[in-house]
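Inspection log for the structure reproduced underneath, given as structure tokens.
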Protein chains: 2
Amino acid sequence: MATTTVPGPVTQQKLEELSEIQESGAVSLFVNYEQSLGNYMLDVDGNRFLDVYTQISSLPLGYNHPDLLALLDDPVNIKLFINRPALGTFPGHDWTDRLRSSLLQVAPTGLNNLCTMSCGSCSNENAYKAIYMWYRTKERGGRLEFTEEELQTCMVNQTPGCPTYTLLSFKGAFHGRTMGCLATTHSKAIHKIDIPSLDWPIADFPKYMYPLEEHTTHNEHEDNRCLEQVESLIHTYNKAGNTVAGIVIEPIQSEGGDNHASPQFFQRLQQLAKTTGTALLIDEVQTGGGPTGKMWCHEHFNLQEPPDIVTFSKKMLTGGYYCKKEFRPNQGYRIYNTWMGDPSKVVMLQEVIKVIERDNLLHMATQSGDVLFKGLRTLDQKFPQHINSVRGRGTFVAFDAGNTAKRDAIIGRLKLQGIHAGGCGDKSVRLRPSLIFQPHHAHIFVEKLETVLNTL
Amino acid sequence: MATTTVPGPVTQQKLEELSEIQESGAVSLFVNYEQSLGNYMLDVDGNRFLDVYTQISSLPLGYNHPDLLALLDDPVNIKLFINRPALGTFPGHDWTDRLRSSLLQVAPTGLNNLCTMSCGSCSNENAYKAIYMWYRTKERGGRLEFTEEELQTCMVNQTPGCPTYTLLSFKGAFHGRTMGCLATTHSKAIHKIDIPSLDWPIADFPKYMYPLEEHTTHNEHEDNRCLEQVESLIHTYNKAGNTVAGIVIEPIQSEGGDNHASPQFFQRLQQLAKTTGTALLIDEVQTGGGPTGKMWCHEHFNLQEPPDIVTFSKKMLTGGYYCKKEFRPNQGYRIYNTWMGDPSKVVMLQEVIKVIERDNLLHMATQSGDVLFKGLRTLDQKFPQHINSVRGRGTFVAFDAGNTAKRDAIIGRLKLQGIHAGGCGDKSVRLRPSLIFQPHHAHIFVEKLETVLNTL
């Protein structure tokens, strides 16, 4: 239970101070990270929360995990944390081994090439570039040299050096906030308004009705409708010379409202990408790293072959992407920046992966997710006037409230009950606990939610 | 002196291994970071180099600085390094104090607002967004609400929600490699080729002749010519409805070849920005943090008022930007992402700033830079057939070789002499030592360069 209003007086005081130097409209709580532990976050007012939002889904092992703290007992690691190299040019002596025992250890089947980056937006921006290069190489019929005209025109942003390629994205999608990413993001107006963008194709994402088993006809129709739109948009844009080089999609649209699509939808989308010659990028920035009960959410989809590129960040601690070999650029400095990620994050990821395996945390995500899902289904039957559309995989679970105000009320009252949850889309509550979230925590969540729903 | 060829056999072996999992065309050396110290970098073949490139200018205090290593003796800092928050929503209890004693402590005069980011590209991308919002707010005459049409059209990348704004950049500029940044980058074709871009205005950057005192007429003419082009481009783009919202410029074009422009050029550019109603962003990602002898290179220019936005990264360890208050967005979530930087980098920056002040490192950059500059001027008089156009501020110094092949030969032979330098532009050698580079290191560099020039 919270001991003050939330946000409490100390948070409010600190918010005023921070606002003097920084726009702080999104600040919700000031946190005592030193004393937060495991699944529990302590705020500066002394309120302790069971955290099912975990820094927007970016903490794999909760707060102050002993195995992560222990990393810095080792002087070798301290030096790794202090000396940040320009990884693309001067990697450390053991860099390849570290990549093998971290990112490659959990690579999606068939994707044995990778690239590290610092954040989700940079991961997607650079994956997009890898797609353009791949497409252009195809168009050149494999010729590797650039023409003089291409080299000269690209310096002033003109064709043919800078081709008029586009990427197809989906309504409700979130892929980041830098210019290329933002052109494929369509979750909330406040992310996009006043920012110049690009005329790129945008398809509908299926809007399912829940529970799924009661709405198979409607939902299958949604799949068909959206896939037809994808195909039609690709043809229209290609015909106009704005060639669609790739399709970008989340396995579960997260910021946009935890919108799911069926495995069949993804299988058919992959097929469509192949027949139209476009690349398929699956953005696992939020879904990747285990919360769905598999390391990668797209592994639930039984795709016929691996996607072409998979991007990651958040729970993986480092950003980056995995890709098929043909998506590697054909020479250096094409996908590049000063840091290309940060070895300190990869050192932490090595440890996280050890803990995931040792403690069987993917299995636990499935188990705890079961408790959440069943508990929420019981509650949506008991309180149909308040919540509906329970959906999810593993602990990556969400439900809808009737409207935005009710959703916000639920999240606010959960805080007073000592539960810290987050919203997404217009009216959804999303659960994003870390991988150490156990079934008994799931029971606590369901119980507290019931208490809240009783007060509405 | 190097004890092997460079790259040596161990680097070559490791490069083959890394290339199996990653495109590695830009990898130059594998480094032993544990045993690198101060100004000296040790590679995996046992070669020790005086490092005047320092991870593409991103190490403020060289390798394994004792004051940075000591940070991790403190359990409080260990927790800060391990628990990475979503800073835009859940900052730590002491976040404001940490910003005040780090970034704000060294803020450019008049720029008291700031925003933290993870890297240089994200810093510029988000600063660009701040410019668009500022411009749009001006166009709205201060109206803060968005219209329904704006809110709806921005979701599908269309006007008026996504206005057709442009940014003016300069030939030879480098501002990063994500899509918005890359549209303002024009340093090397390999960065841009095959990537779709935007029809934005691109002006010439002055091309000076050296030594400056012998070419005042030519150089003043260059200033005039380029400024007239800026003005003309702004009018042309504005007239066509592709409104120029801002001008983006480096105080010294770094990747593009260490191209300098005069203080008068920058003063007049600022004036031009004001008369045309565009914002002026100075990108100090490479120049900022002290190497020019001042914390910010633009402080050498005696501008009439502060620039509107200054971006930083590299030696500052954290990315981000400073801005005038009117460049703050008017509400939350407009400039935002999951991490918004990383407190561990800010903790390191706090310490770096303490050391800069305690050890008077800005003064040392001036002194060591003097030794470099005078030594290089002596050499360019002795070897005019090999090098020319010595230029720089502080240790941020460069010179040209006659052509690319000769430049590369100089850098290669310097390595064999135990000096690790970098190139930029087509034919320049750039010096980017860290702030602990002392006059005697400068003497060593000059002496070794003379040895190399004697062998050409």
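In what follows, every chain begins at residue 1, and chains take the letters A, B, ... in the order their sequences are listed.
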### Message
Looking at Met340(A), is its backbone amide N or carbonyl O close enough to the side chain of Thr116(A) to form a donor-acceptor pair, meaning the two atoms are under 3.5 Å apart?
### Response
yes
### Task
Go through Trp95(A) and Gln22(B) one step at a time and tell me if the side-chain contact (heavy atoms from CB on, under 4.5 Å) criterion holds.
CA-CA 11 Å; Trp95(A) 184 234; Gln22(B) 189 162 27; 4.3 Å; yes
### Query
Out of Gly62(A), Pro85(A), Ser58(A), which one racks up the most heavy-atom pairs below 4.5 Å with chain B?
Pro85(A)
## Note on the structure
Scored by heavy-atom pairs under 4.5 Å with chain A, the best of Leu114(B), Asn126(B), Leu68(B) is Leu114(B)
### Residues Thr178(A) and Glu125(A): side-chain donor-acceptor under 3.5 angstrom
yes
### Query
Can you tell which of Leu61(B), Leu198(B), Val156(B) has the highest number of heavy-atom pairs within less than 4.5 Å of chain A?
Leu198(B)
## Note on the structure
Among Ile190(A), Asn330(A), Thr89(A), Val27(A), the residue with the most heavy-atom pairs under 4.5 Å to chain B is Thr89(A)
### Near-ring test Tyr135(B)/Tyr132(B), centroid separation under 6.0 angstrom
no
### Query
For Ser187(A), is it the side chain, the backbone, both, or neither that has a heavy atom closer than 4.5 Å to a heavy atom of chain B?
backbone
### Message
Quick check on Ile202(A) against chain B: is it the side chain, the backbone, both or neither that has a heavy atom closer than 4.5 Å?
### Response
side chain
### Message
So for Tyr53(A), is it side chain, backbone, both, or neither that comes closer than 4.5 Å to the heavy atoms of chain B?
### Response
side chain
### Residue part contacting chain B, namely of Ile131(A), when any heavy atom lies under 4.5 Å
neither
#### Entry: Ser123(B) side-chain N/O to Gly320(B) backbone N/O, donor-acceptor pair under 3.5 Å
yes
### Query
Any idea which of Met133(B), Lys325(B), Glu17(B), Lys129(B) has the most non-hydrogen atom pairs under 4.5 angstrom with chain A?
Lys129(B)
### Message
Please identify, among Met155(B), Arg136(B), His186(B), Glu150(B), the residue contributing the most non-hydrogen atom pairs under 4.5 Å to chain A.
### Response
Met155(B)
#### Entry: No-hydrogen, no-angle side-chain donor-acceptor test under 3.5 Å, Asn32(A) and Asp43(A)
no
### Query
Taking Thr54(B), Thr96(B), Asp199(B), Thr11(B) one by one, which has the highest count of heavy-atom pairs under 4.5 Å against chain A?
Thr96(B)
### Message
Under a 3.5 Å threshold, yes or no: a donor from one side chain and an acceptor from the other, between Lys314(B) and Thr338(A)?
### Response
yes
### Message
Whether the Tyr333(A) and Glu23(B) side chains hold a donor-acceptor pair (N or O, under 3.5 Å, no angle test) is what I'd like checked.
### Response
no
### Query
Do the charged groups of Glu20(A) and Arg100(B) touch, with an N to O distance under 4.0 Å?
yes
### Message
Does any backbone or side-chain atom of Val44(A) lie under 4.5 Å from a heavy atom of chain B? Answer side chain, backbone, both or neither.
### Response
side chain
#### Entry: Region of Leu317(A) that comes under 4.5 Å of a non-hydrogen atom in chain B
backbone
### Task
Select one option (side chain, backbone, both, neither) describing which atoms of Gln158(B) are under 4.5 Å from chain A's heavy atoms.
side chain
### Summary
Scored by heavy-atom pairs under 4.5 Å with chain A, the best of Pro75(B), Cys154(B), Gly25(B), Cys122(B) is Cys154(B)
### Query
For Lys188(A), is it the side chain, the backbone, both or neither that has a heavy atom under 4.5 Å from a heavy atom of chain B?
backbone
### Task
Any chance you could lay out the side-chain contact (heavy atoms from CB on, under 4.5 Å) test for Phe90(B) and Ser28(A), step after step, and finish with the verdict?
CA-CA 6 Å; Phe90(B) 311 107; Ser28(A) 149; 3.6 Å; yes
### Query
So what's closer than 4.5 Å to chain A heavy atoms on Asn112(B): side chain, backbone, both or neither?
backbone
### Task
Could you walk me through whether Asp194(B) and Arg140(A) pass salt bridge (charged side-chain N to carboxylate O under 4.0 Å, His left out), step by step?
CA-CA 11 Å; Asp194(B) 296 350; Arg140(A) 288 194 182 97; 2.7 Å; yes
### Task
May I ask you to check whether Asn113(A) and Arg328(A) show a side-chain donor-acceptor distance below 3.5 Å?
yes
### Message
Looking at chain B, which one of Ser24(A), Gly88(A), Gly120(A), Ser36(A) has the largest number of heavy-atom pairs inside 4.5 Å, strictly under?
### Response
Gly88(A)
### Query
For the residue pair Tyr63(A) and Tyr33(A), does the interplanar ring angle fall in the parallel (under 30°), tilted (30 to 60°) or perpendicular (over 60°) class?
tilted
### Message
I'd like to check Met179(A) versus Leu182(A) (side-chain heavy atoms, cut-off strictly below 4.5 Å). Are they in contact?
### Response
no
#### Entry: Leu59(A) portion near chain B, given a 4.5 angstrom heavy-atom threshold
side chain
### Query
Taking every heavy-atom pair that is under 4.5 Å apart, which of Ile78(A), Asn64(A), Leu103(A), Ile56(A) has the most such pairs with chain B?
Asn64(A)
### Query
Which one, Lys345(A), Gln152(A), His65(A), leads in non-hydrogen pairs under 4.5 Å with chain B?
Lys345(A)
### Query
Can you tell which of Pro196(A), Pro329(A), Pro343(A) has the highest number of heavy-atom pairs within less than 4.5 Å of chain B?
Pro196(A)
#### Entry: Contact class of Leu104(B) relative to chain A, heavy atoms under 4.5 angstrom
side chain
### Query
Which atoms of Met348(B) come close to chain A, meaning under 4.5 Å heavy atom to heavy atom: side chain ones, backbone ones, both, or neither?
side chain
